[in-house]
Amino acid sequence: MSIKAKINSQIFQDSNNIYYPKNESEVSELIRELYKKDSPTEIIGNNSKSFIGNKAQSANTMSLSKLTGIIDYRPEELYIKVKACTPIEEVEKILDENNQELAFEPIDFGYIKNGVSNKGTIAGYLSCNYAGSRRFKVGSVRDHVLGFKGVNGKGDIIKSGGTVVKNVTGYDLSKLIAGSFGTLVALTEITLKVLPKKDSSNTIAIYIDKSEEIFDLFIKLSSSSSEISGAVYVPNKSKDDDFLKKKNSVLKFNDLKSNTSFLAFRVEGDKISIKEKIKNLSKELELDKFETSTLDVYQSEPFWQKINNLEIFENTKNNLIRMVIPPAKGSNLLKFLDNKYKYFVDWCGSLFWIEVDEQKEEKIKELKKIALESGGYLTVIKTSADYDYGESIFTVDDIRLMISEKIKKSFDPKRILNPGKMYRGI
């Protein structure tokens with residue numbers, strides 16, 4: 001069946017000539033046809049993260065949005081199997097009914113895109129591999145994937161992993177697929193590990209603004225046996241008064257002084273264990289030296305939701321940078337950013353979210369250099385309207401670029417799937 005015939009089929013087209021395969025077999029059939037015709041295609045879900053990365057170099061668009069629904073959920077075995085474009089909210093709802101959760105804390109990028117919540121799909125999270133504040137303790141999205149099915153650039157259906165945590169058969173392709181932005185396979189099915197929800201949480205805010213002390217606390221927190229599950233630094237330093245007003249409005253809680261710089265960490269568990277952990281941490285961190293406050297569970301949970309969803313940068317028209325560096329380099333970066341940038345620090349000192357004003361691409365270039373020199377990496381998550389792509393969206397060295405090119409060729413030899421989405425020419 002030719003592409004032209006498929007376009008005329010109700011299965012494969014809408015008024016915008018977007019292909020809508022209904023199942024894995026139709027995805028495979030369509031990609032086989034595109035492969036024969038050397039016709040690249042952009043792969044989309046519900047477009048919640050389509051603004052991240054370069055625009056795909058393709059004339060076709062294939063939506064996997066009809067591949068949705070829960071296939072198998074075994075609460076007692078701690079896994080759920082879903083079709084790739086099942087909405088995150090649908091998964092979270094059924095997990096919540098069984099007092100379980102996705103431990104990697106999905107980020108709602110809808111707030112920075114247009115100020116409206118849009119969590120997107122399971123496939124979108126695996127493709128981007130972006131996780132929330134628990135990342136430094138529980139791992140990223142890829143660490144919670146037990147297996148997947150998908151279609152490569154030749155139209156072959158491939159499968160990796162299974163439904164048990166100890167499955168070690170063959171290579172763990174999930175690690176390659178995670179963060180590949182749909183350039184290697186069109187995902188059709190994903191199996192995720194889930195975890196029991198914690199009974200409660202408290203958040204301790206420490207009012208502090210000295211970079212050396214901040215990262216000394218981060219180091220102590222990350223090595224503590226008291227199992228914190230989040231640690232973030234939110235400065236109150238910026239030349240942009242409007243940004244400070246927005247930040248203080250977003251993080252307005254009864255027991256939080258949002259109009260000053262603070263480091264906040266989260267402790268989870270039952271009430272007795274939380275009390276004991278906070279007692280131990282107070283000694284380890286010598287909290288009696290600082291001004292502090294405590295957010296109870298009714299303030300703690302929404303606080304971390306707002307942090308994870310980047311609501312401080314809600315509806316930004318500027319460039320938004322995601323920089324990951326070793327914590328040991330964090331103090332120097334903090335001094336560099338000072339009050340010249342709008343930012344906050346997550347992952348106990350490893351992750352910097354930085355907003356760069358429009359028409360300031362030279363600053364992005366400077367930040368990219370710092371990231372590489374620090375042994376880290378940087379991604380321009382959202383670009384301003386006038387971004388000219390003179391600076392690449394993703395940092396990558398020559399060796400990694402060569403490896404990425406070889407992997408791309410093995411999965412997608414004719415560059416059919418999302419060509420150029422990450423790196424031009426790959």
### Task
Evaluate salt bridge (Lys or Arg N to Asp or Glu O under 4.0 Å) for Glu105 paired with Arg266, printing each intermediate quantity in order.
CA-CA 14 Å; Glu105 285 187 299; Arg266 177 176 57 189; 3.0 Å; yes
### Task
Let me see the working for Phe218 and Phe136 under ring pair (Phe, Tyr, Trp, His ring centres under 6.0 Å), right down to the final yes or no.
CA-CA 12 Å; Phe218 275 145; Phe136 75 102; 8.7 Å; no
### Task
For salt bridge (Lys or Arg N to Asp or Glu O under 4.0 Å), just list the numbers for Asp357 and Lys342, CA-CA rounded to whole Å, side-chain angles, deciding distance to a tenth of an Å, and then say yes or no.
CA-CA 9 Å; Asp357 293 341; Lys342 295 159 279 188; 2.8 Å; yes
### Query
Given Leu281 and Leu221, is the side-chain contact (heavy atoms from CB on, under 4.5 Å) satisfied, shown in steps?
CA-CA 8 Å; Leu281 285 163; Leu221 284 165; 4.1 Å; yes
### Tyr19 vs Ser63, side-chain contact (heavy atoms from CB on, under 4.5 Å): CA-CA, chis, key distance, verdict
CA-CA 6 Å; Tyr19 300 131; Ser63 171; over 6 Å; no
### Task
Let me see the working for Leu417 and Lys408 under side-chain contact (heavy atoms from CB on, under 4.5 Å), right down to the final yes or no.
CA-CA 9 Å; Leu417 309 177; Lys408 172 69 171 173; 4.3 Å; yes
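Separation of atoms CG (Asp412) and CG (Asn152) is listed at 7.5 Å; rounding is to 0.5 Å. In this structure, the separation between CD on Gln299 and CH2 on Trp304 is 14.0 Å, given to the nearest 0.5 Å.
For the pair Lys414 and Tyr35, the cation sits on the ring face: its NZ or CZ lies under 6.0 Å from the ring centre, inside 45° of the axis. Under the 6.0 Å distance and 45° angle rule, Lys49 counts as a cation-pi partner of Tyr125.
Residue Glu189 forms a side-chain contact (heavy atoms from CB on, under 4.5 Å) with just one option from Ile157, Ile71, Val82, Thr86, and that option is Ile71. The only option from Arg134, Lys137, Lys198 that meets the salt bridge (charged side-chain N to carboxylate O under 4.0 Å, His left out) definition with Glu268 turns out to be Arg134.
Salt-bridge formation is detected for the pair Glu311/Lys306: a Lys NZ or Arg NE/NH1/NH2 atom is positioned less than 4.0 Å from an Asp or Glu carboxylate oxygen. A salt bridge links Arg32 with Asp156: the distance from a Lys NZ or Arg NE/NH1/NH2 to an Asp or Glu carboxylate oxygen falls below 4.0 Å. Under a 4.0 Å N-O distance rule, the pair Lys245/Asp241 does not qualify as a salt bridge. Under the 4.0 Å criterion applied to side-chain N and carboxylate O atoms, Asp96 and Lys197 are assigned as salt-bridge partners.
A donor and an acceptor atom, one from each side chain of Ser48 and Asn118, are nowhere located under 3.5 Å apart. Between the side chains of Asn23 and Lys83, no donor-acceptor pair of N or O atoms lies under 3.5 Å. Thr260 and Asn236 share no donor-acceptor pair across their side chains, judged by distance under 3.5 Å alone. Side-chain atoms of Arg142 and Ser174 form no donor-acceptor pair, as typed in the model, at a separation below 3.5 Å.
For Phe336 and Phe352, the ring centers sit 6.0 Å or farther from each other.
The aromatic rings of Phe303 and Phe262 sit tilted relative to each other, their planes meeting at an angle between 30° and 60°.
Proximity of a side-chain donor or acceptor of Asn318 to a complementary backbone N or O of Glu358 within less than 3.5 Å is detected.
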